[in-house]
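Data first, discussion second: the structure below is written as structure tokens.
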Amino acid sequence: MDKLLIRGGKPLNGTIAISGAKNAALPEMCATLLTSEPVRLYNVPRLRDVATMRRLLENMGVQIQTHGERGGMSFQSMEPVNSEAPYELVKTMRASVLALGPLLARTGRARVSLPGGCAIGARPVEQHIKGLQAMGAEIRVEHGYIEASLPAGRTRLKGASITTDMITVTGTENFLMAATLAEGTTVLENAAQEPEIPDLAEMLIKMGAKISGHGTSRIVIEGVEKLHGCEHAVVADRIECGTFLCAVAATGGDVLLEHGRPEHLDVVIDKLCEAGVDIVREGDGIRVRAAGPAWQHLKAQSFRTTEYPGFPTDMQAQFMALNAVSQGSSLVTETIFENRFMHVSELSRLGANITIDGKNAMVEGVERLSGATVMATDLRASAGLVIAGLVAEGETTVDRIYHLDRGYDQMEVKLRTLGADIERVAG
Ligand code: EPU
């Protein structure tokens with residue numbers, strides 16, 4: 001298993017490009033199942049989850065090719081489509097459940113393995129099932145699989161009004177994709193508003209879908225009989241961008257994040273500015289400047305994770321690592337996932353002062369962390385540990401970085417470009 005070896009204490013300076021968003025690329029790859037015509041995506045990030053999604057779609061019969069340097073990928077999903085997402089692939093990536101809606105809409109059936117729990121929480125998918133049932137699908141969960149089909153005599157799902165019990169990102173995406181080919185109008189209430197959803201909706205509209213209200217909590221989809229091919233560039237990754245903002249805030253430095261979209265990171269940027277970081281829009285990106293290591297000039301910020309446009313749960317670990325080396329105390333509350341503090345014990349091994357009480361973590365800033373070996377437990381936790389390692393005195397080894405590779409496009413290469421002393425050690 002590969003590890004990252006970091007010698008902390010270097011400021012970050014220079015320019016890097018933010019990649020396409022993992023959480024937009026994955027549903028958009030699944031959306032290519034909705035048509036037999038060719039679809040071309042650009043700005044697809046180089047990630048392990050993208051490779052897993054590619055294998056999953058190829059297993060369904062989708063022909064996929066990569067093109068050139070700009071993250072170009074073309075897809076063609078000719079008949080017949082194999083409507084099965086097997087456990088072997090789903091178990092490594094929960095986002096495989098995104099195949100459920102498009103498969104049902106295109107072929108009238110789907111057999112998708114239940115994803116099971118994961119490190120950050122139980123993450124059930126009953127809302128996905130209930131919503132698709134409201135659209136007329138017959139769904140049984142048997143032998144660990146979601147078995148979905150249309151009733152005898154029906155060839156299309158039907159429009160429905162769907163109000164989920166909680167806001168769910170991939171649930172909203174599944175309904176959005178399924179509804180494009182349904183008969184009649186679907187109204188999604190309590191829809192997720194994360195920027196990846198309007199990006200998916202824009203792609204579906206290019207394919208001929210009729211969608212309005214995307215980016216709000218009420219999305220209306222008028223079903224059409226057929227969708228066609230399109231070209232679409234995946235939106236920039238706001239979480240990758242936010243991660244680098246926190247890294248520069250922690251170490252000090254001056255970095256231009258090309259393609260970064262500040263309007264997708266309002267709350268995180270507000271908190272960083274309140275802490276004392278200088279952040280401005282520049283060209284098509286974001287410039288971040290911090291005068292020196294966080295302890296010298298930043299004030300820790302309390303925050304509470306909520307659905308978009310609130311503070312993203314996917315930024316909680318990285319901002320907590322920053323708080324751990326900023327002045328003063330802060331309260332971090334995680335409301336989305338029940339087990340997303342796994343990085344706390346690892347940060348403590350580096351000398352951070354954090355106590356957990358249920359959904360709350362109390363962080364007392366410390367002047368210095370000292371390098372040690374720590375273990376990555378999930379994707380964003382790993383990013384938090386890397387930020388801590390960049391600040392810590394001496395050597396930090398971050399073990400099990402396959403988690404990081406799932407969702408960050410060449411993170412250590414980008415950090416090295418900015419002057420960090422970081423290397424990947426094959427294990
Ligand atoms: N939930 C249910 N039942 C459902 C669906 C969701 O109880 O049927 C609960 C979840 O267990 C969770 C909450 O509702 O407590 C919100 O979950 P949501 O469905 O919104 O999460 P998701 O769609 O599985 C996506 C991202 C996550 C991100 C969350 C929240 C993708 C592929 N994944 O997950 O990204 O944390 O939304 O914003 O889009 C990551 O990139 O590291 C990551 C985990």
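Order of listing sets the numbers, starting from 1, for every ligand and every atom in it.
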For [X], look at atom [atom1] and say whether over 12 heavy atoms of other residues, nucleotides or ligands are found less than 6.0 Å away.
X	atom1	value
Y145	OH	yes
K3	NZ	no
M78	CE	no

Assess whether a salt bridge exists between [X] and [Y], defined as any Lys/Arg side-chain N lying under 4.0 Å from an Asp/Glu carboxylate O.
X	Y	result
E58	R54	yes
R238	E196	yes
D2	R424	yes
K158	E183	no

Is the closest heavy-atom distance from M53 to ligand 1 below 4.0 Å?
->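 No heavy atom of M53 comes that close to ligand 1.
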
For P124 and ligand 1, answer yes if some heavy atom of the residue is under 4.0 Å from a ligand atom, otherwise no.
-> yes

Which protein non-hydrogen atom lies closest to [atom], naming both residue and atom, and how far is it?
atom	result
atom 33 (N) of ligand 1	N23 ND2, 3.6 Å
atom 21 (O) of ligand 1	F337 CZ, 4.0 Å
atom 41 (O) of ligand 1	R380 NH2, 2.8 Å
atom 11 (O) of ligand 1	R123 CA, 3.3 Å
atom 30 (C) of ligand 1	T313 CG2, 3.8 Å

At a non-hydrogen distance cut-off of under 4.0 Å, which region of [X] contacts ligand 1 (side chain, backbone, both, or neither)?
X	answer
E173	neither
R340	side chain
D314	side chain
I167	backbone
Q127	both
V169	both
T168	both
M166	side chain

Candidate with minimal heavy-atom separation from atom 22 (P) of ligand 1, of L98, T172, T170 |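 Nearest heavy atom to atom 22 (P) of ligand 1 lies in T170.
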
Can you list the atoms of ligand 1 that are under 4.0 Å from a heavy atom of K22?
-> 40 (C), 41 (O)

Knowing that exactly one of E334, R340, R304, R380 qualifies, which makes a side-chain hydrogen bond (donor to acceptor under 3.5 Å, both in side chains) with Q316?
->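 Checked E334, R340, R304, R380 against Q316; only one passes side-chain hydrogen bond (donor to acceptor under 3.5 Å, both in side chains): E334.
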
Pick one: which of K22, H259, K414 meets side-chain hydrogen bond (donor to acceptor under 3.5 Å, both in side chains) with E240?
->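 For E240, the side-chain hydrogen bond (donor to acceptor under 3.5 Å, both in side chains) check succeeds only for K414.
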
Heavy-atom side-chain contact between T397 and V425 under 4.5 Å | no

Indicate yes or no: does an N/O atom of I336 lie under 3.5 Å from an N/O atom of ligand 1?
-> yes

Could you tell me whether R94 and ligand 1 have an N or O pair separated by under 3.5 Å?
-> no

Between F303 and F311, how do the two ring planes meet: parallel, tilted or perpendicular, split at 30° and 60°?
-> parallel

Does the side chain of S77 pick up a donor-acceptor pair with the side chain of R106 at under 3.5 Å?
->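 Result is yes, a qualifying pair exists.
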
